[in-house]
Amino acid sequence: MRVTVRLFARLRDLAGAAEFAREVPDGATIETVWQLVAAEFPSLVAYTRSISAARNAEYAKPSAPVADGDEIAFLPPVSGGVDDHV
Amino acid sequence: MRVTVRLFARLRDLAGAAEFAREVPDGATIETVWQLVAAEFPSLVAYTRSISAARNAEYAKPSAPVADGDEIAFLPPVSGGVDDHV
Amino acid sequence: MHFVGLVRRDNAGRRVAWLEYEAYEPLALGAFDRIAREAARHWPAAHLAIHHRTGRVELGEPSVVIAAASPHRAEAFAACRFAIERIKQIAPIWKHEFFEGGKVWIEGATANPDDERALAEAVRRACE
Amino acid sequence: MHFVGLVRRDNAGRRVAWLEYEAYEPLALGAFDRIAREAARHWPAAHLAIHHRTGRVELGEPSVVIAAASPHRAEAFAACRFAIERIKQIAPIWKHEFFEGGKVWIEGATANPDDERALAEAVRRACE
């Protein structure tokens with residue numbers, strides 16, 4: 001099956017790609033997709049423990065299954081809001 | 001000596017006067033002035049324990065001396081700001 | 001950040017028609033300065049601006065506005081909350097409530113800027 | 001009440017030139033809804049509105065605005081403070097800082113809306 005992968009912020013800069021489609025095996029989970037992406041873009045490996053993921057624009061756990069046509073997003077640690085001086 | 005007395009909010013309504021000049025004895029304090037005012041307007045007596053006072057637009061204690069020409073204000077309990085539901 | 005206090009329709013079971021605020025203006029402005037200085041002792045980076053309406057204020061209109069600016073959000077929140085608590089304690093401003101069938105002066109705290117317990121309570125509510 | 005976060009000139013010893021915020025927009029809007037629902041569980045009378053800029057934001061401009069309305073000021077303050085803490089925890093928004101001589105992505109928390117400890121910390125900071 002085929003999913004759309006989206007990368008944000010520094011993940012996108014490191015990979016040099018914001019969005020691309022990839023073939024993933026049946027039974028794949030979010031984690032499977034990440035492993036495929038990290039294998040293709042080794043500079044992302046360091047983020048394995050700090051990313052969040054979303055499936056079709058909802059937060060999803062690594063163990064969540066993915067389906068054909070899903071949009072799977074990987075998110076580096078977030079920094080919205082105001083400066084973190086306190 | 002002569003001072004100007006000012007009354008606010010419900011004190012003014014009860015006395016029916018916002019501002020008036022009165023003769024007070026030498027050595028008078030804020031408290032002396034209040035006693036004269038309360039004697040003149042007995043409906044104010046109930047406020048004796050809950051008023052605040054100011055001398056020339058600065059908060060002043062009952063024991064503060066007053067001088068000729070002073071503006072002495074008596075203030076019922078305040079209620080500015082927002083409603084006190086919390 | 002800003003705090004805006006709006007006039008409410010319901011108070012103590014009465015349906016409010018409008019309010020009239022009265023102030024002893026020079027003393028009120030002095031009290032606002034005092035509150036800003038007190039806040040600066042606790043939250044030195046925070047700057048406060050305080051404005052209070054006088055005269056008739058309609059339902060839903062703002063009666064009081066406080067602006068607090070600080071590089072650190074915790075200080076802005078604390079200084080702003082402190083200011084509204086302290087205004088209620090020591091600002092010589094009185095609310096005359098007009099409701100269906102009558103009117104009443106709302107009386108809260110006896111203003112005493114030297115009351116250390118009241119000051120401490122305002123600091124506590126400000127959530128340092 | 002309103003909280004407005006402004007872009008600061010100084011951050012971590014760097015002189016900031018401007019910021020660029022990037023968001024995963026549908027997920028960010030979902031996170032704002034979630035934050036409002038979480039706040040409603042703790043402070044039912046408070047209503048929240050949250051807005052965050054994306055793209056380039058200049059020094060001194062607002063990056064985030066939160067409005068909290070409540071009949072009780074304590075709830076408005078708490079819900080507003082909760083919202084800013086929670087935005088920093090779970091909103092999929094990233095700050096790209098451009099400074100003299102370079103640029104850097106600011107990375108804070110790993111977003112995990114199910115992290116109960118983070119949620120509890122945001123509630124604690126909100127000063128009930």
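Here is the naming used below: chain letters follow the sequence lines, and residue numbers restart at 1 for every chain.
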* Structure fact -> CD (C:E22) and CZ (B:R10) are apart, to the nearest 0.5 Å, by 13.5 Å
* Determine yes or no for a side-chain-to-main-chain donor-acceptor pair under 3.5 angstrom, with C:H52 supplying the side chain and B:G80 the backbone. => no
* Between the side chain of B:S79 and the main-chain N/O of C:K95, is any donor-acceptor distance below 3.5 Å? -> yes
* Would you check if B:D13 and C:K103 make a side-chain contact, meaning some heavy-atom pair closer than 4.5 Å? => no
* To do: Please say whether more than 12 non-hydrogen atoms of neighbouring residues, nucleotides or ligands are located less than 6.0 Å from CZ in C:R9.
  => no
* Asked: Side chain, backbone, both or neither: which part of C:I84 has a non-hydrogen atom closer than 4.5 Å to chain B?
  -> side chain
* To do: Below 4.5 Å from any heavy atom of chain B, which atoms of C:A28 appear? Answer side chain, backbone, both or neither.
  => neither
* How would you list, by chain and number, every residue that makes a side-chain hydrogen bond (donor to acceptor under 3.5 Å, both in side chains) with C:E61, sequence neighbours excluded? -> C:R53
* So how far is it from C:W105 CH2 to B:L11 CG, rounded to the nearest 0.5 Å? -> 10.0 Å
* Asked: Side-chain contact, heavy-atom cut-off 4.5 Å: C:N112 with B:Y59?
  -> no
* Asked: Between B:L75 and C:L27, is a side chain to side chain contact (heavy atoms under 4.5 Å, CB included) present by the stated rule, with each step listed?
  -> CA-CA 11 Å; B:L75 319 174; C:L27 184 59; 3.7 Å; yes
* Asked: So what's closer than 4.5 Å to chain C heavy atoms on B:A9: side chain, backbone, both or neither?
  -> both
